[in-house]
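Here's the structure we're looking at; comments come further down.
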Amino acid sequence: MKASAFAYARASSVANALELLVAHGDRAKILSGGQSLLPAMNLRLVSPDVLVDISDIAELRGITLKPDVLRIGALTRHVDILSSHEVASRAPLLVEAVAQVAHPAIRNRGTLGGNLAHADPASELPACMLALNATIVVRGPAGERRIVANDFFKGIYETALSPVELVTAVEVPVLPANAMHFFYEFARRRGDYAIAGLAAQAVLEGSRLADLRLVFFAVGDRPILARASEKLINIDVTASVLAEASTSLGEELNPHDDQQASAGMRRHLAKVLLARCVSGLLGQADPPMEELA
Amino acid sequence: MTVPVQLSLHVNGERVDTDVLPRVSLADFLRDYLKLTGTHLGCEHGVCGACTVRVNGEIVRSCLVLAVQVDQASVDTIEGLSDSGELSDLQAAFRDRNALQCGFCTPGMLIAAQDLLKHNPEPDRELIREHLSGNYCRCTGYHAIVDAVEMTARRRIERAQ
């Protein structure tokens, strides 16, 4: 199908983009990479009257390494993240996750800012932001806001952004030297929407996990930072410890039924991901399947 | 919404100056305005890959790019890449290995395959499948396509030696 008609404006700066958003209100939409917006428009799920193209705004580009954060500009394309030495060294979780985002042609256009603002519950990047405890930097007519990832994603396609704000950058805190990560998503084929996924960051001290952030995606209306991780830190993770964490996870999650999977299947897959993650982080072999029941 | 926007770009090496309504996708611009109908529309939401073209050397979904977004850009379609000979060994391999039947997916497949071989001259079958996972084929069952890409990679390496 074809998108319905709209007017088009190229913003020359963030201030100019904000002017346009304020002038048109919720009749306007930001056009970044367009890889989520344009499909929605072609399917007539959304019909903005005005598109504000931000791709000329230099300030939104670039990946910079600062002493305490890795700053990634909102216009950074997925393909740029894949090829960035800075991201590979400071946030390798992102590199692994982005490789699972759609397909090469999509990754050549899609942007980090656009992906986060779109907030698809099955998307990899919002989950990574939570796992990395990243801050989403946002600007509106009232000025700049820094929103921690956990407060940014509110629901299906819903974020803390107001209609007159745009994402300008993401700041990822520097990880400790003994940080480890885990990423896996179940999908029918590489690049398909995730059926269930896990993005995790951990700190390993000896044979124990000193810190663990488990973020499940595609199992709810937003990425979920699982409280079940509390059962796994500063403790020797035996089969029964893992089983307890797994039960706790099952109770904590409230996945949905859809054409891809039932709630029960998603809950099961989340537990499988938990087990694989823990054994991966602790350098153990995968636990036998029976233990996951 | 009915005000056309000025557009100036290169398509297959030729300069194009025109104006176009914002709503027109790059795919529709190529097909309807420039009569370059080798670029096909399958799904118009980015999953099938039939619309794949090259913009500034990188493959994109032309159904998910507005024509107005490629002002000042350089676009290569299957027509240009075929005429220049860049794809001739891939095309020959596709023909030899029966990697096309109806041909609808083929322009996108060729462009995606060429993109893979540019980035990775010696891909294994797993990597070929992965890179082409965004291009759907309803006819061949994919094996012959993977064969053709693998064969082309091997032949290019042999020729280079």
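Note on naming: letters A, B, ... go to the chains in the order of the sequence lines (proteins, then strands), and numbering restarts at 1 for each one.
Listed by first and then second residue, the ring-ring contact (aromatic ring centres under 6.0 Å, His included) pairs that reach into residues 57-89 of chain B come to none, sequence neighbours excluded.
With a 4.5 angstrom heavy-atom cutoff, B/Leu41 touches chain A only via side-chain atoms. Neither the backbone nor the side chain of B/Val24 comes within contact range of chain A, judged by heavy atoms closer than 4.5 Å. Contact annotation for B/Leu64: both backbone and side-chain heavy atoms come within less than 4.5 Å of a heavy atom of chain A. Heavy atoms of B/Val60 lying under 4.5 Å from chain A belong to its backbone as well as its side chain. Only the side chain of A/Leu51 comes within less than 4.5 Å of a heavy atom in chain B; its backbone stays farther off.
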Go through chain A and chain B and list any donor-acceptor pairs closer than 3.5 Å, backbone and side chains both.
residue, atom, partner, partner atom, Å
A/Met1, N, B/Glu44, OE1, 2.9
A/Lys2, NZ, B/Asp28, OD1, 2.9
A/Lys2, NZ, B/Asp28, OD2, 2.9
A/Lys2, NZ, B/Glu44, OE2, 2.8
A/Ala3, O, B/Arg23, NE, 3.2
A/Ala3, O, B/Arg23, NH2, 2.7
A/Arg10, NH2, B/Val68, O, 3.0
A/Arg10, NH2, B/Gln69, O, 3.4
A/Gln35, NE2, B/Leu64, O, 3.1
A/Asn42, ND2, B/Glu44, O, 2.8
A/Asn42, ND2, B/Cys63, O, 3.2
A/Arg77, NH1, B/Glu58, OE1, 2.8
A/Arg77, NH1, B/Glu58, OE2, 3.3
A/Arg77, NH2, B/Glu58, OE2, 3.4
A/His103, ND1, B/Ser133, OG, 3.1
A/His103, ND1, B/Gly134, N, 3.3
A/Asn108, ND2, B/Ile59, O, 2.8
A/Arg189, NH2, B/Tyr136, OH, 3.4
A/Arg190, NH1, B/Glu130, OE1, 3.4
A/Arg190, NH2, B/Glu130, OE2, 3.3

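Heavy-atom pairs under 4.5 Å with chain A were tallied for B/Leu21, B/Leu116, B/Leu66; the largest tally goes to B/Leu66.
Under the rule for a ring-ring contact (aromatic ring centres under 6.0 Å, His included), A/Phe6 has no partner lying at least two apart in sequence or in another chain.
Of all heavy-atom pairs spanning A/Pro104 and B/Ile59, the tightest one is CB-CD1, 4.1 Å.
Close approach to chain B, defined as a heavy atom under 4.5 Å from one of its heavy atoms, is seen in no residue of residues 86-95 of chain A.
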